[in-house]
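Values reported hereafter were calculated over all heavy atoms of this structure, with side chains retained and with hydrogens, waters and symmetry mates removed. In listed order, ligands and their atoms are each counted from 1. In this text, all values refer to a predicted model and were calculated from it rather than measured experimentally.
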Amino acid sequence: MSPDRAVLERALERGEQEGGSVEFKERLTRDLHLADGRLESLAAQLRHRVLSGDGEATYVVGVTDDGGLAGIPPAEFSESMDVLSLLAEEAGAHIEDVQTWGVPGRDGGADRGIVGVATVREGAMLDVDDQHIVVGTAGHVDHGKSTLVGSLVTGQPDDGEGGTRGFLDVQPHEVERGLSADLSYGVYGFDEDGPVHTLNPHRKQDRARVVEEADRLVSFVDTVGHEPWLRTTIRGLVGQKLDYGLLVVAADDGPTKTTREHLGILLATDLPTIVAITKADMVEEERLLEVEREVERLLRNADRTPLRIERHGVDTAIEEISEQVVPIVTTSAVTMEGLDVLDQLFERLPKTADGAGAFSMYIDRTYSVTGVGAVASGTIRSGTVAAGDELLVGPMADGGFREVEVRSIEMHYHRVDEARAGRIVGIALKGVREADLQRGMVLLPRDADPSAVWEFEAEVMVLNHPTRIGEGYEPVVHVETVSEAAAVYPEEGHLLPGDTGRARVRFKFRPYHVEAGQRFVFREGQSKGVGTITKVLPGD
Ligand code: GDP
């Protein structure tokens with residue numbers, strides 16, 4: 001939780017005033033606040049608040065109308081932020097920053113919930129295009145992730161005491177809406193003369209200048225760092241397009257259980273990943289070599305080929321980096337060792353989220369807009385879509401697909417005629433009601449002949465489990481935007497933590513459209529694992 005309570009206190013003090021820029025909300029829900037009519041009036045209210053605040057409004061969520069600290073559960077807060085981001089989009093604005101605080105229970109007991117302050121700013125989110133690569137970071141807490149990103153984007157060394165990190169107070173919700181560079185915890189760029197740094201990532205003007213000046217942008221989003229938010233962060237990771245993963249391992253601690261887990265998740269999503277060994281200045285040469293060897297072993301155990309950049313050079317790393325080959329670079333944010341190597345990589349690495357082929361999009365959210373009808377939003381996974389296109393959507397609960405037509409396409413509140421892979425869009429559909437749509441359904445071309453899958457075979461790896469996984473173990477499976485309870489039947493009868501093996505996976509409640517080759521994450525309580533679908537099984 002953010003330490004700077006003053007932000008909250010200031011907002012509460014200013015209070016909700018007629019014609020002011022501060023708005024109090026207890027919570028926002030999809031059902032209530034995105035319903036017909038309501039969405040438009042709330043978006044109009046938001047636009048009003050933004051205008052009153054000279055382009056910036058403050059939404060305090062988790063409070064009563066008169067500013068009492070109510071505190072709401074994290075899941076409700078998360079939904080409120082989702083809804084607020086849609087309202088902002090509708091109003092031609094975006095969420096720029098979210099800070100949260102715990103509200104202690106009565107008598108100082110366990111937290112009753114959280115309260116948060118969202119800053120909403122005029123203008124659309126930063127667009128992601130061919131010259132904008134998005135890097136997902138991961139690693140054990142305190143291993144230097146924020147510091148490394150801070151030093152990269154500012155070009156400034158750290159003092160070893162968290163000086164650079166101070167710029168980048170990463171909040172869980174920035175994670176969830178990760179693809180907006182404004183919300184990511186760092187952005188920098190390159191022009192023909194080299195890096196274009198953000199002098200102070202906290203200053204909006206600085207970020208805006210980088211976006212303006214640079215020919216190529218690199219933004220960093222956190223992916224798997226926040227345990228309580230794992231469900232949503234996993235959605236952020238597998239439901240959206242990242243180009244590269246960056247895993248940090250501190251030279252003093254070396255790889256930990258969390259490091260292994262995070263690596264597993266990054267690799268499970270096919271993300272070409274770079275490992276940065278951080279804090280090289282803190283250890284002797286001998287220890288450094290030892291950690292490098294440990295990292296190499298870790299990668300080999302995960303069936304990957306490590307490539308030490310110090311030995312093979314940046315050119316080779318750029319040529320070879322893939323799902324298979326993982327470059328390793330040794331860095332120190334204090335001496336800036338290795339940061340030039342990362343600069344060169346990020347300046348030259350191609351955008352990977354390719355998206356060639358026929359159109360497909362997994363539905364992330366659905367809503368209904370007056371006069372327009374059902375809208376499905378998500379990130380286009382492959383191909384392009386145009387207004388008037390005839391599509392299929394499904395599977396419905398009975399396994400069937402519905403014929404629909406694209407009425408219109410919105411991208412960040414702008415209407416567009418066509419959109420391609422990687423874009424986050426809202427697609428208005430003719431021929432289906434919003435109530436029939438659901439997260440996890442897929443949109444495909446009319447001639448696709450898709451199947452509704454109840455059961456599939458997979459290669460799985462158990463990252464973490466208190467005991468062994470036996471027949472009929474029931475985690476939640478996350479694949480694309482699907483999050484669904486499933487039963488797992490290991491081929492050998494059981495799987496132990498750290499094991500890799502084959503299993504059959506069966507959705508418990510309804511079928512989805514999944515394909516061989518797709519990666520998934522499964523989770524239940526403390527246990528986590530990753531897998532690849534090897535074969536979809538016919539029948540129901
Ligand atoms: P995160 O939790 O992974 O984001 O870790 P932080 O970036 O917050 O770093 C944790 C602590 O390690 C901070 O006090 C940093 O100043 C320190 N640190 C990070 N990188 C380095 C480094 O390269 N060298 C040294 N000496 N300290 C570092």
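Aromatic rings from Phe220 and Tyr244 are positioned such that their centres are separated by 6.0 Å or more.
Distances from atom 6 (P) of ligand 1 to the heavy atoms of Thr147, Val141, Val283 put Thr147 nearest.
Within the 4.0 Å heavy-atom cutoff, Ser332 counts among the residues contacting ligand 1.
Evaluated for a side chain to side chain contact (heavy atoms under 4.5 Å, CB included) with Thr330, the options Thr278, Val275, Leu288 yield exactly one hit, Leu288. Of the listed residues (Lys279, His140, His143), just one forms a side chain to side chain donor-acceptor pair (under 3.5 Å) with Asp253, and that residue is His143.
In the vicinity of Ala333, heavy-atom distances shorter than 4.0 Å reach the ligand 1 atoms 22 (C), 23 (O). Heavy-atom proximity to His140, at under 4.0 Å, picks out these atoms of ligand 1: 3 (O).
For Lys145, heavy-atom contacts with ligand 1 shorter than 4.0 Å involve the backbone as well as the side chain. Contact annotation for Val248 and ligand 1: no heavy atom of the residue comes within less than 4.0 Å of the ligand.
Where the criterion is an N or O separation shorter than 3.5 Å, residue side chain and backbone included, Met282 fails it with respect to ligand 1. Considering backbone and side-chain N/O atoms, Thr331 never comes within less than 3.5 Å of an N/O atom of ligand 1.
In terms of modelled atom types and a separation under 3.5 Å, the side chain of Thr532 and the main chain of Gly517 share no donor-acceptor contact. The main-chain N or O of Leu271 is found under 3.5 Å from a side-chain atom of Thr273 such that the two form a donor-acceptor pair.
Ile265 has its side chain within reach of Leu463: a pair of non-hydrogen atoms, C-beta onward, lies under 4.5 Å apart.
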